[in-house]
Structures are given as structure tokens and as C-alpha cells.
Amino acid sequence: GAGVSQSPSNKVTEKGKDVELRCDPISGHTALYWYRQRLGQGLEFLIYFQGNSAPDKSGLPSDRFSAERTGESVSTLTIQRTQQEDSAVYLCASSLDPSPVEKLFFGSGTQLSVL
Amino acid sequence: GENVEQHPSTLSVQEGDSAVIKCTYSDSASNYFPWYKQELGKRPQLIIDIRSNVGEKKDQRIAVTLNKTAKHFSLHITETQPEDSAVYFCAASRRGSNFGNEKLTFGTGTRLTIIP
């Protein structure tokens, strides 16, 4: 079936504007993750969902960041009042859980540029 | 929480030689250690993983070793080829019925370049 889909693939916004990033996980995957990857850097955890609830949102960098998931499917990551330091690739991943292993299937990411 | 450190940050290897990337972790309860490969402009993909009940796992030219006592694990790539050039990320998490679902904590990545 289809893989993890993210939209938009690229987003250019002005400082101070709000942005919404969307993730469509693989059908049937109960776990969904958001990671941030700054240029040349590693994968920084933001939040994960089990079903529609978020047991771990410890990686959200500030209260400008929020995320929700509905129907145990689509998730949106919202960044309010964007700042230049928010510029990064935002990666979504899903996995089949419960499972003794945690193979994450990543989307191709949203490249966010804040001018 | 878990902290994963990865070394080196960059690595250049002559084609045909071996490459080794090392990671350490802080949480002794971590029991699952995957490695992801990210080619330029592409999404990370799982290439191999190991659970804490084994010390080594091989898959063709790649292998991962785990030392639970020292809390470190390594990726070994033998007979390197140009297509092995990519960024490699190690990760760690706790998995199993006692822990439920926990996030993967990633290392900072190693940019591997294979020199033809």
C-alpha cells in the first residue's frame, strides 16, 4: 500500500505567520511520530501519538507548537507565530504497534522555510 | 530520558574498505537499537536492528554489535560501495509489554562518504 504521505512538501512563510503541516500515516499504523531535522543535524523528537492520544509530547520546543491526530489516522502539526529558528525539515513517521520492534516508516518530510 | 551519542560525525572510506560507526546510550533499560540510513534528499529507512538479548546481528555486508555492559553498539559495513554513501543514524528505545510504546531517541548522525 501507500507509504507515509506528508504535505506540503515545501512551505515558505513569513516570520510571525502560522503554519499547518499534515501527515497521512500508513493505514492501520497506530503509532505516529513527528521529528524535526535541521540542516545537517540529527532527528529531534517532537511528539508521538498512540491512536489519537499523545502520551509523549516532551519534545515540543515551545507552546507555539501543537499537534493533533484524528480518526487514528491523519495528524497535523501546527506552528504558531513562526520564527526563523523553526526552519527545518519536519518528518512524520508511523509504525505498527504493539510490536517487539519499532520499524518506523518515514514520510518524505515538509521543508519549512521561515523568512 | 535516554541520550544517544554517535561518533564520528563524518567518515570517509576507500571503496572496498570497512566502515564502523559507534553509538553509546545512557538508559540501561533500553532494549532495542535500530540503524537508519538517509540518502541525500530522501527519507530515513531502517537498515538493521538489534534487540538486547543478542550481541551481534548480520545482514549481508552490514552487521551490528551490542555491548550491554558498556552501553554501546556499533554498525559495521564491509566491502563498502559508492551506494553506501549516506547519513547513518543510530537509535535506542525501550520496547516490550513492561514499557509500552516509547519513542526512538536518535543519535546525531554520521555522514559516510565512500571514495571510489
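In what follows, chains carry the letters A, B, and so on, assigned in the order in which the sequence lines appear, proteins first and then strands, with residues in each chain numbered from 1.
The number of heavy-atom neighbours closer than 6.0 Å to CG of A/Leu115, taken from other residues, nucleotides and ligands shown, is above 12. A 6.0 Å sphere centred on CD of B/Glu83 holds more than 12 heavy atoms belonging to other residues, nucleotides or ligands. The number of heavy-atom neighbours closer than 6.0 Å to CD of B/Glu56, taken from other residues, nucleotides and ligands shown, is above 12.
Looking at B/Gln45, there are no atoms closer than 4.5 Å to chain A (heavy atoms on both sides), in backbone or side chain. Contacts between A/Tyr35 and chain B at a heavy-atom distance below 4.5 Å involve the side chain alone, from C-beta outward. Proximity to chain B (any heavy atom under 4.5 Å) is restricted, for A/Gln37, to the side chain, taken from C-beta onward. Heavy atoms closer than 4.5 Å to chain A are found in both the backbone and the side chain of B/Pro44. Heavy-atom distances place both the backbone and the side chain of A/Leu43 under 4.5 Å from chain B.
Taking the centre and axis of the six-membered ring of A/Tyr48, the NZ or CZ atom of B/Lys103 falls outside the cone set by 45° and 6.0 Å.
In summary, of the residues considered (B/Tyr88, B/Phe106, B/Phe89), a ring-ring contact (aromatic ring centres under 6.0 Å, His included) with B/Tyr36 occurs for B/Phe106 alone.
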